[in-house]
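Worksheet for the structure shown next.
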Amino acid sequence: MIRVGGVGLRTRPLRAFLSALGIAIGIAAMTAVVGISSSSRAELDRTLDALGTNLLTVSPGQSIFGEAAELPEESIEMIGRIGPVRQVAATAQLGDARVYRSDRIPTAETGGIGARAANLELLDTVGAEIRSGTWLNAATARYPAVVLGATAAERLGLGAAGTDVQIYLGGRWFTVVGILAPVPLAPELDLSALVGWDAARTYLGFDGHPTTVYSRSVESSVEAVRAVLGATANPAAPNEVEVSRPSDALAAAQATDQAFTGLLLGLGAVALLVGGVGVANTMVISVLERRPEIGLRRSLGATRGQVRAQFLTESLLLSALGGIGGVLLGIGVTSGYALLQTWPTVVPAWAMVGGVAATLVIGGLAGLYPAIRAARLSPTEALSTP
């Protein structure tokens, strides 16, 4: 039956290819969308495994009168006294300190770069890495030295740090001793110029109040630490403290990606439906063109059931070719995109099996009417067709 059902595909290869292509495009779209989404989630899981999900941040909120609150200077030390907390560091926004490539840049053209005072422990606490140069140390943190975030360095046109590289920060020159790689769990650092805590006090009028405190805790105690961070950071007004978990933001971004994936899957389903209509159209035309063949088979003893099975098999074969081709094409697109993004390539088995199964269902429905129509032709009617 499979051999007989494949006669129509072998005798009209171009038509069969174009019909299968419609199915393949829909399946490839759905497979690629699922594959790229799964690869993205795998990359997120790998990133979180590397960076950890035990990082918590504390920042000032608003007072009951709607005014901006501030964290006490002692908040860093108090958070460090929490038992399960293993690392703690802080930054402070220096709102009056503007960052420029040189003193010739117009005042308004800051490039959105902000200046921040930073603890020496910041690098290890947030899981940041140095791309060029070095991080601040006990000596450079006291003098006009600065470490730039990845985006800040890009906007300033700096590709590497060095003793001869300087920027104009807060009305004086600072030497760029280091440039950070992007920091996934603290993206605000990417667009920052980081100076030492003591240097900020000496040269930039820093008052010592932190604006963001980062802490890493024992993994099993993260939620318990999160519950007491507000009261520990500011015992006098714990309601004026905001506590967040950066990994939650990444998870929320992934949820947004999943919603977008659902939309793309809908578009892929539409493409698959269009491909099914193409298969149905091809099979109807095939029945009309092959009426003499149908009449000859009937006159030689083929039953209606056998004729019906022949054309239904042909439709299923046509759809299966499109489905298998679409899955392979989808895997290729996923692999190429994942390789370009340096992600792990992940295509769920259910997506591949489901793709082929969906094409068989579409093929069966698309070929059912033409198969029934072919089986209803009487031998004399079919043979008399010119």
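These numbers were taken from a predicted model, which means no experiment stands behind them.
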Original post:
For L55, does its backbone N or O pair with a side-chain atom of Y214 as donor and acceptor, under 3.5 Å?
Top reply: no

Subject >> Residue pair T232 / V241, side-chain heavy-atom distance below 4.5 Å >> reply: no

**OP:** Measure from the side-chain N and O atoms of T91 to the backbone N and O of A117, and report whether any donor-acceptor pair falls under 3.5 Å.
**Re:** no

Subject >> Main-chain N/O of V346 paired to S39 side chain as donor or acceptor, under 3.5 Å >> reply: yes

Subject >> Close side-chain approach of Y168 to I105, heavy-atom, < 4.5 Å >> reply: no

Original post:
When rounded to the nearest 0.5 angstrom, what distance separates CD in E129 from CG in D124?
Top reply: 10.5 Å

Subject >> Hphob cluster co-occupancy, W173 + F206, side-chain heavy atoms under 4.5 angstrom >> reply: no

**OP:** For the pair T31 (side chain) and A28 (backbone), establish whether a donor and an acceptor sit closer than 3.5 Å, ignoring hydrogens and angles.
**Re:** no

Original post:
Where the side chain of W135 meets the backbone of G178, is there a donor-acceptor pair that is under 3.5 Å apart?
Top reply: no

Subject >> Spacing of CG belonging to D103 relative to CG belonging to L169, to within rounding of 0.5 Å >> reply: 13.0 Å

Subject >> Atom CD of Q306 with >12 non-hydrogen neighbours under 6.0 angstrom >> reply: yes

**OP:** Under the side-chain contact (heavy atoms from CB on, under 4.5 Å) rule, what do D190 and V183 come out as? Steps first, then yes or no, please.
**Re:** CA-CA 7 Å; D190 294 341; V183 187; 3.9 Å; yes

**OP:** Considering non-hydrogen atoms only, spot the tightest contact between Y203 and R172 and give its length.
**Re:** CD2-NH1, 3.3 Å

**OP:** Look at the side chain of R101 and the backbone N and O of Q166, then say whether any donor-acceptor pair between them is shorter than 3.5 Å.
**Re:** yes

Subject >> Same apolar cluster (I L V M F W Y, side chains within < 4.5 Å links), L329/I25 >> reply: no

**OP:** Look only at the side chain of R116 and the backbone of S192, and say whether a donor-acceptor pair between them is shorter than 3.5 Å.
**Re:** no

Original post:
Checking side-chain contact (heavy atoms from CB on, under 4.5 Å) for the pair L156/V176: CA distance, chi angles, key distance, verdict?
Top reply: CA-CA 11 Å; L156 291 172; V176 180; over 6 Å; no

Original post:
Is a donor on one side and an acceptor on the other found under 3.5 Å between the side chain of T140 and the backbone of L136?
Top reply: no

Subject >> Heavy-atom closest contact (I179 atom, V147 atom, distance) >> reply: N-CG1, 4.3 Å

Original post:
Is V88 reachable from M78 through a run of I, L, V, M, F, W or Y residues, each pair having side-chain heavy atoms under 4.5 Å apart?
Top reply: no

Subject >> pair R142-T202: side-chain heavy atoms closer than 4.5 Å >> reply: no

Original post:
If only atom types and distance count, is the side chain of N119 paired as donor or acceptor with the main-chain N or O of E121 below 3.5 Å?
Top reply: no

Original post:
Would a hydrophobic clustering, with Ile, Leu, Val, Met, Phe, Trp and Tyr connected at side-chain separations under 4.5 Å, put I79 with V228?
Top reply: yes

Original post:
E154 and R131: salt bridge (Lys or Arg N to Asp or Glu O under 4.0 Å), yes or no, with the steps?
Top reply: CA-CA 12 Å; E154 181 181 346; R131 190 180 68 192; over 6 Å; no

Subject >> I82-V218 co-clustered via ILVMFWY side chain contacts under 4.5 Å >> reply: no

**OP:** Before giving the answer on side-chain contact (heavy atoms from CB on, under 4.5 Å), spell out for V177 and Y143 the whole-Å C-alpha distance, their side-chain angles and the decisive distance to 0.1 Å.
**Re:** CA-CA 11 Å; V177 297; Y143 296 100; over 6 Å; no

Original post:
Nearest heavy-atom pair of A233 and P72: which atoms, and what distance?
Top reply: O-CD, 3.3 Å

Original post:
Do L180 and L123 have side-chain heavy atoms sitting under 4.5 Å apart?
Top reply: yes

Original post:
Is there a side-chain contact between L158 and I167 (heavy atoms, below 4.5 Å)?
Top reply: yes

Original post:
Do the non-hydrogen side-chain atoms of I36 and W343 ever get within less than 4.5 Å of each other?
Top reply: yes

Original post:
To the nearest 0.5 Å, what is the distance between CG (L71) and CD (E240)?
Top reply: 10.0 Å

**OP:** May I ask you to check whether over 12 heavy atoms, not counting those of D96, lie within 6.0 Å of atom CG?
**Re:** no

**OP:** Please round to the nearest 0.5 Å and tell me the distance separating atom CG of L56 and atom OG1 of T125.
**Re:** 12.0 Å

Subject >> Main-chain N/O of L316 paired with S319 side-chain donor or acceptor, under 3.5 Å >> reply: no

**OP:** List the atom of A193, the atom of I113, and the distance in Å for their closest heavy-atom pair.
**Re:** N-CG2, 4.2 Å

**OP:** Quick one: pull up CD1 in I27 and CG in L328 and give me the separation to the nearest 0.5 Å.
**Re:** 11.5 Å

Original post:
What are the two closest heavy atoms between R201 and E73, and how far apart are they?
Top reply: NH2-OE1, 3.5 Å

**OP:** Indicate the atoms forming the closest heavy-atom contact of S217 with V225, along with that distance.
**Re:** OG-CG1, 3.5 Å

Original post:
Can V58 and S75 be said to form a side-chain contact (heavy atoms from CB on, under 4.5 Å), step by step?
Top reply: CA-CA 10 Å; V58 176; S75 59; over 6 Å; no

Original post:
Can you find a pair of side-chain heavy atoms, one from V327 and one from T359, that are under 4.5 Å apart?
Top reply: no

Original post:
Going from OG1 on T313 to CG on L318, what distance comes out if it is rounded to the nearest 0.5 angstrom?
Top reply: 12.5 Å

Subject >> Test item: L189 and L122 side chains (from C-beta on) under 4.5 Å apart, heavy atoms >> reply: yes

